[in-house]
Each structure stands twice: as structure tokens, then as C-alpha cells.
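The next block holds one structure in the form of C-alpha cells; read it before the comments.
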Amino acid sequence: MNRYWSALQKSITVASTNRSSFSNRQPSENIHVFGFGRGGTTWFAEILAKSLGRSPFIDEPFHRPKVNFRGKNGREFMGWKESINPGENNHLLEDYFKSINNLKHLDRRLISEHQKGHSIQAGSKVIFKYIDRTFLLPYLISNFNIRPIFLNRSPFSIYSSRKRYGWPEATQINVDTAQSKTSLTHLESIQEKYPSAYPPAKIFAIYYCEQLLLFRSLECEKLEVNYEKLFRNNQDTIITVSEFLKINTRHDNVNFGKASSSSRGLDSGVAQLNKWKEQLETEEIAAISETLMEYDISIEDFH
């Protein structure tokens, strides 16, 4: 019964939103948060939404099981690691991105748990949260002039969290899911760097480093937010974010210690930042550390 009511609430949310009020909304007017799966992006998006009043956020619109646009499902729409170069034409993805940003295309699968039961107000900036979609950023910036925020977190913590949720078993370098020649070429170039079979921790670290360095190389207005600093100095970090977005935020109604809708460990204090040391094997720590060194990424970035 509770599961049915939750779904009904989400449907009401979508139905009660006056989408015509958003018809001229451009993607650059919304807020775009990128990061890693199990990297704290849901927590960050919920905090940001609450600090803005009750701004909604759209949860992982490029997550393949959620995509259903013009008769195309997620597998037809894009691969797991889709990459599109600036200047290329991908009309389907372009139309989809426009449609979700002006809420022309909206369904309950895209509405975050944070937003259920509430309509999306016309004056709200809509927050879009994406995980492991950094390879799309050059294309989205080139075509839509978005100003991305990137939440970075210690790769050791991310991998440790993924282990608890069973992710590493599915961690592999695939090219068969690429839906474009550009994406295929991109993935093959990664395989050329690492042609041998690697354990999941190594492959995870490769994709982590590839995404982080891509974001840091972007020539646009952007902001990188450190998860660990957000955890320790949450109000100062949100102020930095609000200054970047040129918007006002409020902190008096935000419970920074509250767990997010996708995690239950955020209220355990700063001790949770070092839980990975007890949960990762020596070989996994070594594989991630080695890869960070290969990409010239300092471990000090995560303190």
C-alpha cells in the first residue's frame, strides 16, 4: 500500500505542475550537478534544493532504465559511457535534453524522492543531477552553454560504497554498449591505454580519473565541489555554490546531518569519511592509488 501511494504521489506531482510556465526555459537557466554514482550527489542535490527553498531536482535523466522518449528506451538512446563531441549532431539527445529542461517531457521516474508530493513552481530553478555522465559534458556545454557543478569525492570512499551495493561485479570496460561512433572511439582509446584484463577496482579508478580530468580540462564556467569539504564545512561550501550560481540560499532550514533518500550513513558524523579503510582490501587500495598516480591526481585532493 505504501509503495502504491508513493507512486501515486509522484504522478500527482507531475500532473499538478503547470508545464506551460516552463515552455521557454533554457537549459542554461537550470542547475546542473554532475558526479559519481555513490559519490554523494543525491545528498548534495537535496541540500542544495532545500537551501533554495524547495527547488525540485530531476534525478538522473540519462540513467538508461529511466529513458523513454519518442518510443526510444535507454538502450536505444545511449550507451553506458556515451561520448559526443562538440559540433556533432545528435538530434534525439538534443531534443530530449531540451524537453526535460523545459519540462515538456516529464514523468514520475525522473522526479526525485525529495520532490514527491510537491508541484514544481514556475519561478524555481530546476536542479538536474547526473551520475557518471561526465563524458557528455563537452557536448552539452557546446550546445546549451550550461555551467556545470561537479561533486568530487574520494575514490576510495566511492568504491567502498559501491562494494556494499554490489556494483564492482558489473564494473568492466565495455564497447558493445556504445551507441555512436564517437563513443565507440572514446572507449576504444581507453582500452588502448589498458589493454589487459584488470580487476574491478582498477577499472573503476580508470573511469574515475578519466571523468575527473575531463571536467577539470573544460574551458567554461564551472565549479568543482569537494565532498569531504562539504561534509566538514557544509555552510561555507553552500555559500560558495550560491555565489557561483549567483543566487541566494538559506541555511536555517537545512539539516546537513540528515541522511539522503539514497543513503543512510550521512548522519554518522565525520568518522564515516574514513570507513573505507576498514572495508577495502589491500589490493583494492593499491589499485586505486596506483591509478591516481598514473593520472597525476593527488590523494591530497580528497582531504
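Only this structure's heavy atoms are used, side chains among them; waters, hydrogens and symmetry mates stay out.
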[X] and [Y]: which non-hydrogen atoms are nearest, and at how many Å?
| X | Y | result |
| --- | --- | --- |
| Phe22 | Asn102 | O-CB, 3.0 Å |
| Thr291 | Ala287 | OG1-O, 2.8 Å |
| Ala45 | Ile127 | O-CD1, 4.1 Å |
| Asn248 | Leu52 | O-CD2, 3.7 Å |
| Ser154 | Glu228 | N-OE2, 3.2 Å |
| Ser142 | Gly87 | OG-N, 4.2 Å |

### Message
Applying side-chain contact (heavy atoms from CB on, under 4.5 Å) to Leu140 and Arg133, what does each step give before you reach the verdict?
### Response
CA-CA 11 Å; Leu140 297 178; Arg133 288 301 177 188; over 6 Å; no

### Task
Consider only side-chain heavy atoms of I, L, V, M, F, W and Y, link residues closer than 4.5 Å, and tell whether Ile149 and Ile239 are in one cluster.
no

### Task
Consider only side-chain heavy atoms of I, L, V, M, F, W and Y, link residues closer than 4.5 Å, and tell whether Ile206 and Met293 are in one cluster.
no

Check: [Y] and [X] side chains under 4.5 Å, non-hydrogen atoms:
| X | Y | result |
| --- | --- | --- |
| Val67 | Lys72 | no |
| Asp95 | Arg70 | yes |
| Phe57 | Leu48 | no |
| Ile47 | Asn234 | no |
| Leu212 | Tyr295 | no |

Salt bridge or not between [X] and [Y]? Use side-chain N to carboxylate O under 4.0 Å.
| X | Y | value |
| --- | --- | --- |
| Glu46 | Lys50 | no |
| Asp59 | Lys66 | yes |
| Lys202 | Glu294 | yes |

### Query
What do the steps show when you test Asn152 against Phe215 for side-chain contact (heavy atoms from CB on, under 4.5 Å), and what is the final call?
CA-CA 10 Å; Asn152 186 21; Phe215 178 81; over 6 Å; no

### Task
Evaluate the ring planes of Phe156 and Trp276, with Trp represented by its six-membered ring, and classify them as parallel (under 30°), tilted (30 to 60°) or perpendicular (over 60°).
parallel

#### Entry: Cation over ring face, Lys222 and Phe150, 6.0 Å, 45°
no

### Message
So does Leu214 get a backbone contact from the side chain of Ser217, meaning a donor-acceptor N/O pair under 3.5 Å?
### Response
yes

### Message
Under a 3.5 Å distance rule, please check whether Arg38 uses its side chain to pair with a backbone N or O of Lys163 as donor and acceptor.
### Response
no

### Query
side-chain contact (heavy atoms from CB on, under 4.5 Å) between Val126 and Asn101: does it pass, once the steps are laid out?
CA-CA 8 Å; Val126 182; Asn101 270 271; over 6 Å; no

### Message
Working note: Asp132 + Phe36, criterion side-chain contact (heavy atoms from CB on, under 4.5 Å); need CA distance, chi angles, decisive distance, verdict.
### Response
CA-CA 5 Å; Asp132 295 312; Phe36 303 103; 3.6 Å; yes

### Query
Under 6.0 Å between ring centres, would you say that holds for His32 and Phe97?
yes

### Task
Look up atom CD in Glu284 and atom OG in Ser289, then write down how far apart they are to the nearest 0.5 Å.
11.5 Å

### From Phe128, Tyr130, Phe44, residue fulfilling ring pair (Phe, Tyr, Trp, His ring centres under 6.0 Å) relative to Phe34
Tyr130

